[in-house]
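Working notes, structure below.
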Amino acid sequence: MMFKKLIRAELNFNRIFARGLGTKLSWDIVTGVCIERLPVVTPPLSEIQNKYKDLLYTLEVEKSMKSQHEIRHESDKVQAELLKNESVDVDLDAVSKITAQDFEDASNEEFNKFKFADIETDADKKGDKTSTERCLQKHLVMVTPIKLGSDLKTLLPQGLWKEGETLRQTAERVVQEQCGPELKVQFVSNAPCGFYKYKYPSEVNGKVGAKVFFYYANYKSGAPKTKSNWLTRNELKDILPDKYNKSVNEFLIEETY
Amino acid sequence: MFNLSLLRQFTRLSIVPTISPTVISRNVSATASLQFKITDQLWAEPMKKKKKIDPAIVKAREERRRKKLEKQIRRLEKNARQLKPIDEMEVPLELLDNFNKRKRPQPKLSAEVIEARALLQKEWTRYKRAEYMANVAQIDRIMAAQRRALEKLYEESEDLYNEAIMPDMSLIPYEIRGTVATPPIKNYESPDGEYIDISKKWDN
(Lines give C-alpha, C1' and ligand atoms only; values in the text may rest on other atoms or scores of the structure.)
Protein backbone atom coordinates (compact mmCIF):
# COMPACT_ATOMS: atom_id res chain seq x y z
CA MET A 1 0.00 0.00 0.00
CA MET A 2 2.70 2.38 1.07
CA PHE A 3 4.79 1.31 -1.85
CA LYS A 4 1.92 1.93 -4.29
CA LYS A 5 1.41 5.40 -2.91
CA LEU A 6 5.08 6.13 -3.25
CA ILE A 7 5.09 5.06 -6.86
CA ARG A 8 2.04 7.12 -7.64
CA ALA A 9 3.57 10.16 -6.02
CA GLU A 10 6.71 9.60 -8.00
CA LEU A 11 4.72 9.28 -11.23
CA ASN A 12 2.79 12.45 -10.54
CA PHE A 13 5.98 14.24 -9.74
CA ASN A 14 7.49 13.11 -13.02
CA ARG A 15 4.44 14.27 -14.90
CA ILE A 16 4.45 17.65 -13.26
CA PHE A 17 8.13 17.90 -13.94
CA ALA A 18 7.62 17.05 -17.60
CA ARG A 19 4.81 19.54 -17.93
CA GLY A 20 6.79 22.16 -16.08
CA LEU A 21 9.45 21.95 -18.74
CA GLY A 22 6.83 22.28 -21.43
CA THR A 23 5.20 25.35 -20.02
CA LYS A 24 8.44 27.22 -19.78
CA LEU A 25 8.12 27.93 -23.46
CA SER A 26 4.54 28.38 -24.45
CA TRP A 27 3.30 26.88 -27.66
CA ASP A 28 0.22 27.31 -29.77
CA ILE A 29 -1.92 24.19 -29.95
CA VAL A 30 -2.96 23.52 -33.51
CA THR A 31 -5.14 20.76 -34.89
CA GLY A 32 -4.41 19.41 -38.34
CA VAL A 33 -6.87 17.18 -40.13
CA CYS A 34 -5.77 14.44 -42.46
CA ILE A 35 -8.74 13.73 -44.73
CA GLU A 36 -8.11 10.63 -46.74
CA ARG A 37 -10.10 9.18 -49.58
CA LEU A 38 -9.76 5.43 -49.45
CA PRO A 39 -9.18 3.55 -52.69
CA VAL A 40 -12.37 2.93 -54.68
CA VAL A 41 -11.02 0.17 -56.87
CA THR A 42 -8.76 -2.67 -55.80
CA PRO A 43 -5.13 -2.16 -56.82
CA PRO A 44 -3.79 -4.33 -59.67
CA LEU A 45 -2.42 -7.71 -58.68
CA SER A 46 1.30 -8.23 -58.50
CA GLU A 47 3.03 -10.94 -60.55
CA ILE A 48 2.95 -13.57 -57.80
CA GLN A 49 -0.62 -12.74 -56.90
CA ASN A 50 -1.65 -13.22 -60.49
CA LYS A 51 0.18 -16.54 -60.76
CA TYR A 52 -1.38 -17.84 -57.58
CA LYS A 53 -4.81 -16.69 -58.61
CA ASP A 54 -4.50 -18.63 -61.88
CA LEU A 55 -3.42 -21.72 -59.95
CA LEU A 56 -6.42 -21.47 -57.64
CA TYR A 57 -8.76 -21.12 -60.59
CA THR A 58 -7.42 -24.22 -62.34
CA LEU A 59 -7.53 -26.20 -59.11
CA GLU A 60 -11.10 -25.18 -58.58
CA VAL A 61 -12.13 -26.32 -62.03
CA GLU A 62 -10.27 -29.63 -61.63
CA LYS A 63 -12.00 -30.40 -58.36
CA SER A 64 -15.45 -29.28 -59.43
CA MET A 65 -18.38 -31.26 -60.78
CA LYS A 66 -19.81 -30.60 -64.19
CA SER A 67 -22.28 -27.77 -64.36
CA GLN A 68 -25.75 -27.83 -65.83
CA HIS A 69 -24.48 -25.94 -68.83
CA GLU A 70 -21.76 -28.47 -69.58
CA ILE A 71 -24.20 -31.36 -69.32
CA ARG A 72 -26.50 -29.58 -71.71
CA HIS A 73 -23.65 -28.99 -74.13
CA GLU A 74 -22.75 -32.68 -74.09
CA SER A 75 -26.29 -33.85 -74.70
CA ASP A 76 -26.53 -31.35 -77.57
CA LYS A 77 -23.51 -32.97 -79.13
CA VAL A 78 -25.06 -36.41 -78.87
CA GLN A 79 -28.27 -35.14 -80.47
CA ALA A 80 -26.35 -33.57 -83.33
CA GLU A 81 -24.53 -36.81 -83.91
CA LEU A 82 -27.79 -38.70 -84.05
CA LEU A 83 -29.25 -36.18 -86.46
CA LYS A 84 -26.23 -36.53 -88.76
CA ASN A 85 -26.62 -40.30 -88.85
CA GLU A 86 -30.29 -39.76 -89.62
CA SER A 87 -31.30 -42.03 -86.89
CA VAL A 88 -34.95 -42.87 -86.87
CA ASP A 89 -35.89 -41.98 -83.33
CA VAL A 90 -34.75 -38.37 -83.19
CA ASP A 91 -37.06 -36.10 -81.32
CA LEU A 92 -37.25 -33.06 -83.57
CA ASP A 93 -38.62 -30.85 -80.85
CA ALA A 94 -35.52 -31.46 -78.80
CA VAL A 95 -33.20 -30.60 -81.66
CA SER A 96 -34.72 -27.37 -82.82
CA LYS A 97 -34.24 -25.73 -79.43
CA ILE A 98 -31.41 -23.34 -78.71
CA THR A 99 -28.22 -25.26 -78.06
CA ALA A 100 -25.89 -24.61 -75.19
CA GLN A 101 -23.33 -23.27 -77.63
CA ASP A 102 -25.82 -20.71 -78.92
CA PHE A 103 -26.58 -19.62 -75.41
CA GLU A 104 -22.89 -19.24 -74.65
CA ASP A 105 -22.31 -17.18 -77.78
CA ALA A 106 -25.22 -14.89 -77.00
CA SER A 107 -24.00 -14.39 -73.44
CA ASN A 108 -20.49 -13.62 -74.65
CA GLU A 109 -21.85 -11.12 -77.12
CA GLU A 110 -23.84 -9.36 -74.41
CA PHE A 111 -20.79 -9.31 -72.16
CA ASN A 112 -18.61 -7.82 -74.87
CA LYS A 113 -21.17 -5.14 -75.53
CA PHE A 114 -21.09 -4.03 -71.90
CA LYS A 115 -18.63 -1.27 -71.25
CA PHE A 116 -17.02 -1.15 -67.83
CA ALA A 117 -16.20 2.26 -66.44
CA ASP A 118 -12.63 3.24 -67.10
CA ILE A 119 -10.23 3.11 -64.17
CA GLU A 120 -8.57 6.16 -65.64
CA THR A 121 -11.17 8.86 -64.99
CA ASP A 122 -11.63 12.26 -66.64
CA ALA A 123 -9.74 13.92 -63.82
CA ASP A 124 -6.81 11.59 -64.46
CA LYS A 125 -6.78 12.46 -68.15
CA LYS A 126 -6.90 16.19 -67.48
CA GLY A 127 -4.40 15.97 -64.63
CA ASP A 128 -6.97 17.63 -62.38
CA LYS A 129 -5.78 17.20 -58.83
CA THR A 130 -8.72 18.97 -57.20
CA SER A 131 -11.13 16.12 -57.82
CA THR A 132 -11.66 13.10 -55.60
CA GLU A 133 -12.41 11.10 -58.73
CA ARG A 134 -8.79 10.50 -59.55
CA CYS A 135 -6.31 7.69 -58.98
CA LEU A 136 -9.12 5.36 -57.98
CA GLN A 137 -6.73 2.62 -56.93
CA LYS A 138 -4.79 4.75 -54.48
CA HIS A 139 -5.21 6.53 -51.17
CA LEU A 140 -5.63 10.29 -51.59
CA VAL A 141 -4.95 12.91 -48.92
CA MET A 142 -6.42 16.39 -49.07
CA VAL A 143 -4.09 19.38 -48.87
CA THR A 144 -5.01 23.06 -48.91
CA PRO A 145 -3.05 26.29 -49.13
CA ILE A 146 -2.55 27.55 -45.55
CA LYS A 147 -1.37 30.99 -44.55
CA LEU A 148 1.46 30.74 -42.07
CA GLY A 149 2.66 34.17 -41.01
CA SER A 150 3.36 35.96 -44.27
CA ASP A 151 3.80 33.04 -46.64
CA LEU A 152 1.33 30.60 -48.09
CA LYS A 153 2.09 26.92 -47.75
CA THR A 154 0.37 23.80 -48.94
CA LEU A 155 -0.41 21.67 -45.90
CA LEU A 156 -3.17 19.60 -44.42
CA PRO A 157 -6.05 21.82 -43.25
CA GLN A 158 -5.29 23.10 -39.80
CA GLY A 159 -6.52 25.61 -37.25
CA LEU A 160 -5.78 27.00 -33.80
CA TRP A 161 -7.32 25.34 -30.78
CA LYS A 162 -9.69 27.61 -28.88
CA GLU A 163 -10.15 27.61 -25.13
CA GLY A 164 -13.07 25.44 -24.04
CA GLU A 165 -13.20 22.90 -26.83
CA THR A 166 -11.69 19.48 -27.15
CA LEU A 167 -9.17 18.81 -29.88
CA ARG A 168 -11.70 16.65 -31.71
CA GLN A 169 -14.14 19.56 -31.76
CA THR A 170 -11.39 21.79 -33.07
CA ALA A 171 -10.75 19.28 -35.85
CA GLU A 172 -14.42 19.23 -36.79
CA ARG A 173 -14.55 23.03 -36.73
CA VAL A 174 -11.47 23.26 -38.93
CA VAL A 175 -13.07 21.02 -41.53
CA GLN A 176 -16.29 23.06 -41.40
CA GLU A 177 -14.55 26.43 -41.64
CA GLN A 178 -12.00 25.62 -44.28
CA CYS A 179 -13.83 23.16 -46.48
CA GLY A 180 -17.43 24.23 -46.10
CA PRO A 181 -20.45 22.27 -44.90
CA GLU A 182 -20.66 20.34 -48.16
CA LEU A 183 -17.69 18.13 -47.44
CA LYS A 184 -18.71 15.17 -45.33
CA VAL A 185 -16.02 13.29 -43.48
CA GLN A 186 -15.93 10.57 -40.86
CA PHE A 187 -13.54 11.01 -37.96
CA VAL A 188 -12.33 7.70 -36.67
CA SER A 189 -11.11 8.59 -33.18
CA ASN A 190 -11.19 11.15 -30.40
CA ALA A 191 -7.44 10.85 -30.10
CA PRO A 192 -4.89 12.51 -32.35
CA CYS A 193 -2.95 10.10 -34.54
CA GLY A 194 0.14 12.13 -35.22
CA PHE A 195 2.23 15.00 -33.96
CA TYR A 196 4.38 17.71 -35.48
CA LYS A 197 5.87 20.88 -34.07
CA TYR A 198 7.51 23.86 -35.65
CA LYS A 199 8.92 27.15 -34.46
CA TYR A 200 7.80 30.55 -35.60
CA PRO A 201 10.56 32.73 -37.08
CA SER A 202 9.86 35.23 -34.30
CA GLU A 203 7.65 35.06 -31.23
CA VAL A 204 3.98 35.72 -31.85
CA ASN A 205 1.89 36.74 -28.82
CA GLY A 206 4.51 35.19 -26.60
CA LYS A 207 4.31 31.84 -28.37
CA VAL A 208 7.48 30.37 -29.75
CA GLY A 209 5.88 27.92 -32.16
CA ALA A 210 3.05 25.57 -32.80
CA LYS A 211 2.40 21.99 -31.83
CA VAL A 212 0.25 20.34 -34.44
CA PHE A 213 -1.93 17.39 -33.45
CA PHE A 214 -3.17 15.48 -36.46
CA TYR A 215 -6.62 13.94 -36.61
CA TYR A 216 -7.49 11.31 -39.15
CA ALA A 217 -10.77 11.30 -41.05
CA ASN A 218 -12.17 9.40 -43.99
CA TYR A 219 -13.72 11.22 -46.91
CA LYS A 220 -17.40 10.43 -47.35
CA SER A 221 -19.00 12.76 -49.87
CA GLY A 222 -19.17 16.29 -51.20
CA ALA A 223 -16.48 18.63 -52.36
CA PRO A 224 -14.53 21.23 -50.40
CA LYS A 225 -15.43 24.84 -51.21
CA THR A 226 -11.86 26.04 -51.28
CA LYS A 227 -9.28 25.08 -53.84
CA SER A 228 -7.70 21.98 -52.44
CA ASN A 229 -5.81 19.11 -53.95
CA TRP A 230 -6.17 15.40 -53.42
CA LEU A 231 -2.74 13.87 -53.58
CA THR A 232 -1.26 10.41 -53.63
CA ARG A 233 1.59 9.45 -51.34
CA ASN A 234 4.28 10.30 -53.91
CA GLU A 235 2.75 13.67 -54.72
CA LEU A 236 2.58 14.44 -51.00
CA LYS A 237 6.30 13.82 -50.76
CA ASP A 238 6.95 16.43 -53.43
CA ILE A 239 4.69 19.12 -52.09
CA LEU A 240 4.88 18.93 -48.29
CA PRO A 241 7.93 20.15 -46.37
CA ASP A 242 10.25 17.22 -45.68
CA LYS A 243 9.88 17.01 -41.91
CA TYR A 244 6.16 17.65 -42.05
CA ASN A 245 5.75 14.92 -44.64
CA LYS A 246 7.68 12.56 -42.41
CA SER A 247 5.35 13.11 -39.46
CA VAL A 248 2.31 12.75 -41.69
CA ASN A 249 3.61 9.52 -43.20
CA GLU A 250 4.17 8.15 -39.70
CA PHE A 251 0.47 7.47 -39.29
CA LEU A 252 -0.59 6.76 -42.87
CA ILE A 253 -0.94 3.32 -44.36
CA GLU A 254 1.95 2.52 -46.63
CA GLU A 255 1.04 1.76 -50.20
CA THR A 256 2.73 -1.22 -51.76
CA TYR A 257 1.44 -0.41 -55.18
CA MET B 1 -30.60 -0.38 27.04
CA PHE B 2 -29.92 -3.54 28.97
CA ASN B 3 -30.85 -6.85 27.48
CA LEU B 4 -33.98 -5.91 25.63
CA SER B 5 -34.31 -9.29 23.98
CA LEU B 6 -34.54 -10.94 27.35
CA LEU B 7 -37.25 -8.57 28.40
CA ARG B 8 -39.25 -9.33 25.28
CA GLN B 9 -39.18 -13.02 26.05
CA PHE B 10 -40.70 -12.45 29.43
CA THR B 11 -43.40 -10.22 28.10
CA ARG B 12 -44.41 -12.93 25.64
CA LEU B 13 -45.09 -15.27 28.54
CA SER B 14 -46.99 -12.78 30.60
CA ILE B 15 -50.72 -12.27 30.30
CA VAL B 16 -50.32 -8.58 29.92
CA PRO B 17 -49.81 -7.71 26.24
CA THR B 18 -46.44 -6.57 25.03
CA ILE B 19 -45.40 -3.17 26.08
CA SER B 20 -42.43 -1.87 24.27
CA PRO B 21 -39.69 -0.80 26.68
CA THR B 22 -39.49 2.61 25.08
CA VAL B 23 -43.07 3.24 26.08
CA ILE B 24 -42.27 2.37 29.66
CA SER B 25 -39.41 4.73 29.81
CA ARG B 26 -41.50 7.54 28.32
CA ASN B 27 -44.61 6.90 30.37
CA VAL B 28 -45.07 10.44 31.45
CA SER B 29 -48.59 11.79 31.47
CA ALA B 30 -50.56 14.48 33.17
CA THR B 31 -53.29 12.11 34.33
CA ALA B 32 -52.82 9.00 36.40
CA SER B 33 -51.60 6.14 34.26
CA LEU B 34 -54.09 3.48 33.30
CA GLN B 35 -53.64 0.23 35.04
CA PHE B 36 -55.82 -1.96 32.80
CA LYS B 37 -55.07 -2.98 29.21
CA ILE B 38 -56.95 -4.48 26.26
CA THR B 39 -55.87 -7.82 24.90
CA ASP B 40 -54.60 -8.07 21.33
CA GLN B 41 -57.08 -8.66 18.57
CA LEU B 42 -56.80 -12.04 17.01
CA TRP B 43 -58.36 -11.17 13.63
CA ALA B 44 -60.07 -14.44 13.45
CA GLU B 45 -63.50 -15.46 12.31
CA PRO B 46 -65.47 -18.63 12.69
CA MET B 47 -64.37 -21.44 10.36
CA LYS B 48 -66.33 -21.84 7.15
CA LYS B 49 -68.02 -25.06 6.46
CA LYS B 50 -66.18 -27.01 3.77
CA LYS B 51 -68.18 -27.59 0.63
CA LYS B 52 -68.44 -31.18 -0.35
CA ILE B 53 -67.73 -31.87 -4.02
CA ASP B 54 -68.24 -35.06 -5.86
CA PRO B 55 -64.82 -36.79 -6.11
CA ALA B 56 -65.57 -37.75 -9.71
CA ILE B 57 -65.85 -34.11 -10.70
CA VAL B 58 -62.59 -33.32 -8.92
CA LYS B 59 -60.89 -36.13 -10.79
CA ALA B 60 -62.27 -34.95 -14.12
CA ARG B 61 -61.07 -31.43 -13.43
CA GLU B 62 -57.60 -32.64 -12.59
CA GLU B 63 -57.53 -34.73 -15.73
CA ARG B 64 -58.54 -31.82 -17.89
CA ARG B 65 -55.81 -29.61 -16.44
CA ARG B 66 -53.18 -32.28 -16.99
CA LYS B 67 -54.25 -32.81 -20.57
CA LYS B 68 -54.09 -29.10 -21.27
CA LEU B 69 -50.55 -28.90 -19.89
CA GLU B 70 -49.46 -31.96 -21.84
CA LYS B 71 -50.82 -30.45 -25.02
CA GLN B 72 -48.87 -27.27 -24.41
CA ILE B 73 -45.69 -29.18 -23.76
CA ARG B 74 -46.14 -31.20 -26.90
CA ARG B 75 -46.65 -28.06 -28.95
CA LEU B 76 -43.52 -26.47 -27.52
CA GLU B 77 -41.46 -29.54 -28.23
CA LYS B 78 -42.68 -29.67 -31.79
CA ASN B 79 -41.73 -26.05 -32.36
CA ALA B 80 -38.35 -26.49 -30.78
CA ARG B 81 -37.44 -29.15 -33.28
CA GLN B 82 -38.39 -26.96 -36.21
CA LEU B 83 -35.22 -25.21 -37.35
CA LYS B 84 -34.68 -22.67 -40.05
CA PRO B 85 -33.86 -24.63 -43.21
CA ILE B 86 -30.60 -23.80 -44.94
CA ASP B 87 -31.43 -24.05 -48.61
CA GLU B 88 -27.87 -24.00 -49.81
CA MET B 89 -27.04 -26.98 -47.56
CA GLU B 90 -29.67 -29.17 -49.12
CA VAL B 91 -28.48 -30.77 -52.32
CA PRO B 92 -31.26 -30.91 -54.90
CA LEU B 93 -32.37 -34.45 -55.67
CA GLU B 94 -31.81 -33.84 -59.34
CA LEU B 95 -28.09 -33.42 -58.70
CA LEU B 96 -27.86 -36.46 -56.46
CA ASP B 97 -29.54 -38.63 -59.09
CA ASN B 98 -26.96 -38.13 -61.82
CA PHE B 99 -24.04 -37.73 -59.46
CA ASN B 100 -21.77 -40.03 -61.47
CA LYS B 101 -22.62 -38.35 -64.72
CA ARG B 102 -21.34 -35.08 -63.37
CA LYS B 103 -17.93 -36.33 -62.36
CA ARG B 104 -15.13 -34.59 -64.20
CA PRO B 105 -12.35 -36.75 -65.62
CA GLN B 106 -9.23 -35.98 -63.61
CA PRO B 107 -6.39 -34.62 -65.79
CA LYS B 108 -3.12 -36.53 -65.78
CA LEU B 109 -0.60 -34.08 -64.35
CA SER B 110 2.98 -34.39 -65.43
CA ALA B 111 5.73 -34.37 -62.81
CA GLU B 112 6.82 -30.90 -63.90
CA VAL B 113 3.38 -29.42 -63.37
CA ILE B 114 3.11 -30.92 -59.90
CA GLU B 115 6.57 -29.64 -59.06
CA ALA B 116 5.78 -26.16 -60.40
CA ARG B 117 2.59 -26.05 -58.37
CA ALA B 118 4.36 -27.07 -55.19
CA LEU B 119 7.03 -24.43 -55.78
CA LEU B 120 4.42 -21.77 -56.39
CA GLN B 121 2.63 -22.77 -53.21
CA LYS B 122 5.85 -22.37 -51.25
CA GLU B 123 6.62 -19.07 -52.87
CA TRP B 124 3.13 -17.87 -52.08
CA THR B 125 3.53 -18.85 -48.43
CA ARG B 126 6.75 -16.86 -48.22
CA TYR B 127 5.08 -13.93 -49.91
CA LYS B 128 2.14 -14.00 -47.47
CA ARG B 129 4.51 -14.19 -44.54
CA ALA B 130 6.45 -11.15 -45.73
CA GLU B 131 3.16 -9.36 -46.26
CA TYR B 132 2.02 -10.23 -42.76
CA MET B 133 5.27 -9.04 -41.21
CA ALA B 134 5.01 -5.77 -43.13
CA ASN B 135 1.44 -5.33 -41.91
CA VAL B 136 2.39 -5.90 -38.29
CA ALA B 137 5.30 -3.46 -38.56
CA GLN B 138 2.97 -0.96 -40.14
CA ILE B 139 0.38 -1.23 -37.39
CA ASP B 140 3.17 -0.89 -34.85
CA ARG B 141 4.39 2.27 -36.50
CA ILE B 142 0.94 3.83 -36.64
CA MET B 143 0.23 2.99 -33.00
CA ALA B 144 3.59 4.40 -31.97
CA ALA B 145 2.78 7.64 -33.79
CA GLN B 146 -0.51 7.90 -31.91
CA ARG B 147 1.13 7.14 -28.58
CA ARG B 148 3.68 9.86 -29.21
CA ALA B 149 0.96 12.35 -30.11
CA LEU B 150 -0.94 11.51 -26.92
CA GLU B 151 2.21 11.88 -24.80
CA LYS B 152 2.87 15.28 -26.28
CA LEU B 153 -0.74 16.22 -25.66
CA TYR B 154 -0.40 15.19 -22.01
CA GLU B 155 2.58 17.48 -21.64
CA GLU B 156 0.51 20.31 -23.04
CA SER B 157 -2.72 19.79 -21.12
CA GLU B 158 -4.08 16.96 -19.02
CA ASP B 159 -7.69 17.93 -19.68
CA LEU B 160 -7.27 17.72 -23.42
CA TYR B 161 -5.55 14.39 -22.97
CA ASN B 162 -8.42 13.04 -20.90
CA GLU B 163 -10.88 14.18 -23.55
CA ALA B 164 -8.79 12.61 -26.29
CA ILE B 165 -8.70 9.16 -24.73
CA MET B 166 -12.47 8.97 -24.38
CA PRO B 167 -14.05 6.28 -26.58
CA ASP B 168 -16.07 7.58 -29.49
CA MET B 169 -19.48 5.91 -29.21
CA SER B 170 -20.81 7.43 -32.42
CA LEU B 171 -18.61 4.98 -34.33
CA ILE B 172 -20.76 2.04 -33.28
CA PRO B 173 -22.20 0.56 -35.43
CA TYR B 174 -19.56 1.23 -38.05
CA GLU B 175 -20.18 0.57 -41.70
CA ILE B 176 -17.72 0.82 -44.50
CA ARG B 177 -18.05 -0.15 -48.13
CA GLY B 178 -14.92 -1.78 -49.39
CA THR B 179 -13.02 -1.48 -52.59
CA VAL B 180 -14.58 -2.93 -55.72
CA ALA B 181 -13.15 -4.61 -58.79
CA THR B 182 -14.34 -2.07 -61.34
CA PRO B 183 -15.24 1.58 -60.82
CA PRO B 184 -18.96 2.28 -60.43
CA ILE B 185 -20.72 3.74 -63.47
CA LYS B 186 -22.51 6.95 -62.61
CA ASN B 187 -26.30 6.97 -62.99
CA TYR B 188 -26.26 3.36 -64.12
CA GLU B 189 -29.63 1.71 -64.37
CA SER B 190 -29.57 -2.03 -64.10
CA PRO B 191 -31.26 -3.66 -67.12
CA ASP B 192 -32.47 -6.41 -64.79
CA GLY B 193 -34.40 -3.99 -62.63
CA GLU B 194 -34.30 -3.42 -58.91
CA TYR B 195 -33.09 -6.05 -56.51
CA ILE B 196 -35.82 -7.03 -54.09
CA ASP B 197 -35.16 -9.56 -51.37
CA ILE B 198 -38.09 -11.97 -51.27
CA SER B 199 -36.52 -14.69 -49.15
CA LYS B 200 -38.77 -15.96 -46.37
CA LYS B 201 -38.36 -14.37 -42.97
CA TRP B 202 -37.74 -16.94 -40.27
CA ASP B 203 -37.80 -14.93 -37.08
CA ASN B 204 -40.66 -15.78 -34.76
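Being a predicted model, the structure only gives us computed values, none of them experimental. Order of the sequence lines fixes the chain letters, A, B, ..., with proteins taken first and strands second; residue numbering starts at 1 for each chain.
Note on A:Arg168 versus B:Asp168: salt bridge recorded, some NZ/NE/NH1/NH2 to OD/OE distance being below 4.0 Å. The pair B:Glu156-A:Lys211 counts as a salt bridge, with a side-chain nitrogen and a carboxylate oxygen less than 4.0 angstrom apart. Ion pairing of A:Glu74 with A:Lys66 is present here, as a side-chain N (NZ or NE/NH1/NH2) and a carboxylate O approach within less than 4.0 Å. Residues A:Arg233 and A:Glu36 are paired through a salt bridge, judged by an N-O separation under 4.0 Å between the basic side chain and the carboxylate. A:Arg173 and A:Glu165 are joined by a salt bridge, as a carboxylate oxygen and a charged side-chain nitrogen come within less than 4.0 angstrom of each other.
For chain B, the nearby parts of A:Ile48 are the backbone and the side chain; heavy atoms of each come within less than 4.5 Å. Using a 4.5 Å cut-off between heavy atoms, A:Ile253 contacts chain B through both its backbone and its side chain. With a 4.5 Å cut-off on non-hydrogen atoms, A:Leu55 touches chain B through its side chain but not through its backbone. Using a 4.5 Å cut-off between heavy atoms, A:Leu136 touches chain B through its side chain atoms alone. Looking at A:Asn249, only its backbone comes within 4.5 Å of chain B, counting heavy atoms on both sides.
Screening residues 66-93 of chain B for ring-ring contact (aromatic ring centres under 6.0 Å, His included), with sequence neighbours left out, gives no hits.
Aromatic ring centroids of A:Tyr244 and A:Phe214 lie under 6.0 Å apart.
Heavy atoms of other residues, nucleotides or ligands lying less than 6.0 angstrom from CG of A:Asp242 number 12 at most.
Ranked by heavy-atom pairs under 4.5 Å with chain B, the first of A:Leu38, A:Thr121, A:Val61 is A:Val61. Note: A:Gln68 leads A:Gln68, A:Lys63, A:Lys197 in heavy-atom pairs under 4.5 Å with chain B. Listed options A:Ser46, A:Ser64, A:Ser67 were ranked by heavy-atom pairs under 4.5 angstrom with chain B; first place goes to A:Ser64. Between chain A and the options B:Arg147, B:Arg177, B:Met166, B:Glu131, heavy-atom pairs under 4.5 Å are most frequent for B:Met166.
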Checking B:Arg61 against B:Glu63 for the salt bridge (Lys or Arg N to Asp or Glu O under 4.0 Å) test, could you report, in this order, the C-alpha distance in whole Å, the side-chain angles of both residues, the deciding distance, and whether it holds? CA-CA 5 Å; B:Arg61 241 185 235 170; B:Glu63 189 81 352; over 6 Å; no
Assess the residue pair A:Phe213 and A:Phe195 against the criterion (ring-ring contact (aromatic ring centres under 6.0 Å, His included)); give the C-alpha distance rounded to whole Å, side-chain angles, the decisive distance to 0.1 Å, and a yes or no. CA-CA 5 Å; A:Phe213 294 95; A:Phe195 174 76; 5.3 Å; yes
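The contact list for residues 115-127 of chain B toward chain A, using heavy atoms and a distance under 4.5 Å, reads B:Arg117, B:Leu120, B:Gln121, B:Glu123, B:Trp124, B:Tyr127 by residue number.
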